[in-house]
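Naming convention: chains lettered A, B, ... in sequence-line order (proteins, then strands); numbering from 1 in each chain.
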Number of protein chains: 2
Amino acid sequence: MNSSTEEDYLKAIYKLTPQFPDGVLTSAIAEVLETKASSVTDMLKKLSEKGYINYVKYQGVTLQPIGEEVAIKVIRKHRLWEVFLAEKLDFTWDEIHEIAEQLEHIVSVNLIDRLDKYLGFPKFDPHGDPIPDKNGKFQKIKDVALRDLNVGDVAILVGVREHSKEFLQYLENIKLLLGSKIEVLNKFAFDESVLVKINGKSEIMLSSLLCKNISVTHEKPKK
Amino acid sequence: MNSSTEEDYLKAIYKLTPQFPDGVLTSAIAEVLETKASSVTDMLKKLSEKGYINYVKYQGVTLQPIGEEVAIKVIRKHRLWEVFLAEKLDFTWDEIHEIAEQLEHIVSVNLIDRLDKYLGFPKFDPHGDPIPDKNGKFQKIKDVALRDLNVGDVAILVGVREHSKEFLQYLENIKLLLGSKIEVLNKFAFDESVLVKINGKSEIMLSSLLCKNISVTHEKPKK
DNA sequence: TCAAGTATTTAGACTAGTCTAAACATTTCT
DNA sequence: AGAAATGTTTAGACTAGTCTAAATACTTGA
């Protein structure tokens, strides 16, 4: 059994792995967990002794299969609870994350599979991120940043790459939600802002930073 | 903000208060929390300093209004989650308690009120215990132990006074559930066992211990 | 290649919660 | 009332996790 702190570390390492393929750095973990590097070092030693990770002093850390399994399970729980909060309890995009941060650590053999069934085995969470199934498998969606579309392209919003309250609240405000249709009307090179039409209705100018953090695809993801 | 350990202590004190009206004893708290008396003493000092309880060395402890409020909130959360687990996820009577023990500590201003609404503002949990509303008010049901009925009495099962897995599993097995109709056919003085008919169908002999822990009433509780 | 700068680890201290063993109160029994 | 039994508290130690400050390793760049 792992403590919820251990789970948080494993999840953080898992999420950072794509950016640090040959070893996640201590400082990167410290930053996402909002803690100090020295605390991270302590925990890495512990997780290494327990066999969850491969840790070489000063060289960063990679997950062992068993550690990845734990991380994926936590992510599965997190995302299923997010679906529950959004669909059943009508929480908005920006509210669900921090509640799910707590719910993801609830321990029960059956609970999460029953919840999965109750929700109809959803494949994506409310932010468009894929939900691992019972066996830890999930579909990787081939998405692209809104920034990389060309004028005239039409796409569907399938995910966000940033989960801050401010960002998500802004998207809710302008009604730019999962599944929204986005047409690129114009792109302005000088500040990299993009003029789009949302769901064939409202036109709005999106900043460079915004466009970098919005994932879109030409195909609608299958539910 | 209170830690979940503090919440557990306040809840335990609250539940023990009826048995110890002028001061819950350290040893009683230690027993229900499955911990040592010395640990309890430490925590009582802390809760006392924080103003949640009234603690006099060697004299036991009573709740301050603010402590009672915290306890009732935790109980509200516990019981609402139990309703969710039983009604939405089809968990059985004996499984829901330990999952709810974890869920009761989830912190969110809105979560529990939304859950309450989603469940249709239930007044009783799956064990027949009343659920405090938003303001901490709840109906006290006037129940009586099955043991105290007379031959010929007919009653409805409205609650249980024991929450062990073994006890609850037994009741599930013999289909003696919340709302079951119970007719007292005979009482045997030598071992205080009772012969009953359940829902007008099966006849069964119930032991003294069982009858002590089953709460019944002549009126059906209003949902 | 070696000095300077940056990142990481170690050392030692702190908090929350727990425990055992010893000291101290309270209750009970004669 | 006083001794014995029981219950409670204190003292000191332990674990998990965190922190600051100092020491150490790695990286960069002249």
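Residues passing the side-chain hydrogen bond (donor to acceptor under 3.5 Å, both in side chains) test with Asp191(B), sequence neighbours excluded: Ser193(B). Listed by chain and number, the residues in a ring pair (Phe, Tyr, Trp, His ring centres under 6.0 Å) with Tyr9(B) amount to none (sequence neighbours excluded). With sequence neighbours excluded, the residues that form a side-chain hydrogen bond (donor to acceptor under 3.5 Å, both in side chains) with Asp113(A) are Arg76(A).
If you check every strand for non-hydrogen atoms under 4.0 Å, Thr5(A) touches sugar and phosphate atoms only.
Cation-pi geometry between Lys88(A) and Tyr118(A) is met: the NZ or CZ atom falls under 6.0 Å from the ring centre, inside 45° of the normal.
With rounding to whole Å, Glu31(B) atom CD is found 14 Å from dG7(D) atom C1'. In this structure, the CD1 atom of Ile29(B) is 13 Å from the C1' atom of dG7(D), given to the nearest Å. Separating the CD atom of Glu6(B) from the C1' atom of dT15(C) is a distance of 12 Å, rounded to the nearest angstrom. In this structure, the NE2 atom of His105(A) is 15 Å from the C1' atom of dA16(D), given to the nearest Å. Going from atom CD of Glu49(A) over to atom P of dT15(D) covers 13 Å, rounded to whole Å. Here dA21(D) presents its C1' atom at 12 Å from NZ of Lys36(A), a figure rounded to the nearest Å. Atom CE in Met43(B) sits about 16 Å away from atom P in dT10(D), given to the nearest Å.
Every pair passing ring pair (Phe, Tyr, Trp, His ring centres under 6.0 Å) that includes a residue from residues 49-80 of chain A is listed here, sequence neighbours excluded: His78(A)-His97(A). Identified under the side chain to side chain donor-acceptor pair (under 3.5 Å) test for residues 11-28 of chain A, with sequence neighbours left out: Lys11(A)-Glu101(A), Lys11(A)-Glu104(A).
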In the 5'-to-3' direction, what one-character label does each nucleotide of nucleotides 1-9 of chain C receive under the scheme B = base within less than 4.0 Å of a protein heavy atom, S = sugar-phosphate only, - = no such atom?
-------BB
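Among the nucleotides dC19(C), dT20(D), dT18(D), the one closest to the side chain of Asp42(B) is dC19(C).
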